[in-house]
A.B. asks: 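Quick one: this structure, given as structure tokens, is what I'll be asking you about.
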Amino acid sequence: TAPSMWTGADRLDPPRSDTDNKPELYNLDAVGYESLMVGLFSIWRGRPKDYPARGKINDICVGFSRDGFHWHRPWRKPIVPLSENPQAWNHSNMQSAGGCFLIVGDKLYFYVSGRMVRDIRVRKGFCSTGLATMRRDGFASMDAGDQAGELTTRPLKFSGKYLFVNLDATDGQLQAEVLDENGKVIEPFTRENCEALSADKTLAQVKWKDAPNLSKLSGKPVRFRFILKNGHLYSFWVSPDTSGASRGYTAAGGPGFTKDIDTVGADGYPE
């Protein structure tokens, strides 16, 4: 049988006006992170027509997969872009490291290579490694302003006891409630009983009055509804213990982790 197309650059990857080339996939590194795979796509955009000594114009974009074969790339702007300054360390040929990124406390560390042309007449270059950082889970967020917004998940099952969120709402607040398959709120997990969270934390526990934990809902199909005002919700998960360990994959690892899944939660954060 003929091979199937796996992934590559496509018509949604913007070309550069200073090259005659269509963008192509130069390299892809992928790693398991929490409940999915994150891919770092080095996209080649050609060589400048009037500046051939610059070298490869590669910048680093991101994609996501649930099965390692089908990739979703919701935005095409690079997360680690090239510099247009010829004296910059990342003027050309940027590529990701094989492990993609480390988890260091409340941040993600991306180590990437870059090249600087030092003498365009003989095309000698200088290679460097750079470090880019991002908020943990900071690839995307659901946002709300002065008017509160609501986000209701699709039906899901969990095996833990404690709900945690990654939240930036220092000037706002987040509450949550739990619904059954038919959309009916399950007592006592109502928004009225939920203790409002106002914080900027990558690991914050959601609590309800008169409910020590979510254990009685474990294994049952439920929906979570989040009510957010003046904030950004990055992620949520249900942990088996109050450390907030997600049991998700830990990318290339990081300080404090002992396995390839998160079994340490808050204990993995540097003091």
A.B. asks: Determine, step by step, whether F189 and V222 satisfy the side chain to side chain contact (heavy atoms under 4.5 Å, CB included) criterion, reporting the C-alpha distance in whole Å, the side-chain angles of both residues, the deciding distance to 0.1 Å, and the verdict.
C.D. replies: CA-CA 11 Å; F189 306 105; V222 298; over 6 Å; no

A.B. asks: Might you point out which heavy atoms bring H70 and S65 nearest each other, and give the distance in Å?
C.D. replies: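 Scanning both residues, the minimum pair turns out to be O-OG, 2.8 Å.
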
A.B. asks: Got more than 12 heavy atoms from elsewhere within 6.0 Å of CG, D171?
C.D. replies: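 Atom CG in D171 is not crowded, with 12 or fewer foreign heavy atoms closer than 6.0 Å.
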
A.B. asks: Is there a path of hydrophobic side-chain contacts, each under 4.5 Å between heavy atoms of I/L/V/M/F/W/Y residues, joining V206 to L179?
C.D. replies: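 Different clusters.
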
A.B. asks: So R73 and D13, side chain to side chain contact (heavy atoms under 4.5 Å, CB included) or not? Walk me through it.
C.D. replies: CA-CA 10 Å; R73 298 176 59 204; D13 288 297; 2.7 Å; yes

A.B. asks: Answer with yes or no whether the hydrophobic clustering places V31 together with I60; edges join I, L, V, M, F, W, Y residues whose side-chain heavy atoms lie under 4.5 Å apart.
C.D. replies: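 The answer is yes; both residues are in one hydrophobic cluster.
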
A.B. asks: Using the side chain to side chain donor-acceptor pair (under 3.5 Å) rule, pick out the option among D168, D106, N166 that qualifies with R135.
C.D. replies: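 It is N166, the one option of D168, D106, N166 that forms the side chain to side chain donor-acceptor pair (under 3.5 Å) with R135.
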
A.B. asks: Could you grab the distance from atom CG of L108 to atom CD1 of I103, nearest 0.5 Å is fine?
C.D. replies: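 The distance works out to 6.5 Å.
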
A.B. asks: Scan side-chain atoms only and decide if T242 and Q205 contain a donor-acceptor pair under the 3.5 Å cut-off.
C.D. replies: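 Absent: no donor and acceptor within the cut-off.
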
A.B. asks: When clusters are formed by joining ILVMFWY residues with side-chain heavy atoms under 4.5 Å apart, either directly or through shared neighbours, do Y33 and W75 land in the same one?
C.D. replies: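 Yes.
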
A.B. asks: Please check if I57 and M94 belong to a single hydrophobic cluster, counting links between Ile, Leu, Val, Met, Phe, Trp and Tyr side chain heavy atoms closer than 4.5 Å.
C.D. replies: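 Yes, because I57 and M94 connect within a single hydrophobic cluster, where side-chain heavy atoms sit under 4.5 Å apart.
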
A.B. asks: Can you see which heavy atom on S243 is nearest to which on F164, and at what distance?
C.D. replies: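 That would be C-CZ, 4.4 Å.
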
A.B. asks: Hey, could you give me the CG/CZ distance between L163 and F226, rounded to the nearest 0.5 Å?
C.D. replies: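 Here the rounded value is 5.0 Å.
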
A.B. asks: How far apart are the closest heavy atoms of C61 and R76, and which atoms are they?
C.D. replies: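 Scanning both residues completely, I find the closest heavy atoms to be SG-O, 3.5 Å.
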
A.B. asks: Apply the test side chain to side chain contact (heavy atoms under 4.5 Å, CB included) to residues T263 and R247: give CA-CA distance (whole Å), side-chain angles for both, the deciding distance (0.1 Å), then the verdict.
C.D. replies: CA-CA 6 Å; T263 60; R247 302 286 171 167; 3.6 Å; yes

A.B. asks: Which atom pair, heavy atoms only, marks the closest approach of N193 to P188?
C.D. replies: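 The pair with the smallest heavy-atom distance is ND2-O, 3.0 Å.
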
A.B. asks: Decide side chain to side chain contact (heavy atoms under 4.5 Å, CB included) for W44 and T19; before the verdict, give the C-alpha distance in whole Å, the side-chain angles of both, and the deciding distance to 0.1 Å.
C.D. replies: CA-CA 11 Å; W44 178 77; T19 76; over 6 Å; no

A.B. asks: Quick one about S215 and N213 (side-chain donor to acceptor, distance below 3.5 Å, no hydrogens or angles considered), yes or no?
C.D. replies: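 There is such a pair between these side chains.
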
A.B. asks: Ignoring hydrogens, what is the shortest heavy-atom contact between L228 and M142? Give both atom names and the distance.
C.D. replies: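 So the minimum-distance heavy-atom pair works out to CD2-O, 3.5 Å.
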
A.B. asks: Using 30° and 60° as the class boundaries, would you call the ring planes of F139 and F110 parallel, tilted or perpendicular?
C.D. replies: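 Aromatic pair F139/F110 classed perpendicular.
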
A.B. asks: Verify the cluster assignment for L82 and F41: are they in a single hydrophobic cluster under the rule of side-chain heavy atoms below 4.5 Å apart?
C.D. replies: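 Hydrophobic grouping puts L82 apart from F41.
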
A.B. asks: On a heavy-atom basis, which atom in M5 and which in F69 lie closest, and how many Å separate them?
C.D. replies: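 For M5 and F69, the tightest heavy-atom pair comes out as O-CZ, 3.5 Å.
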
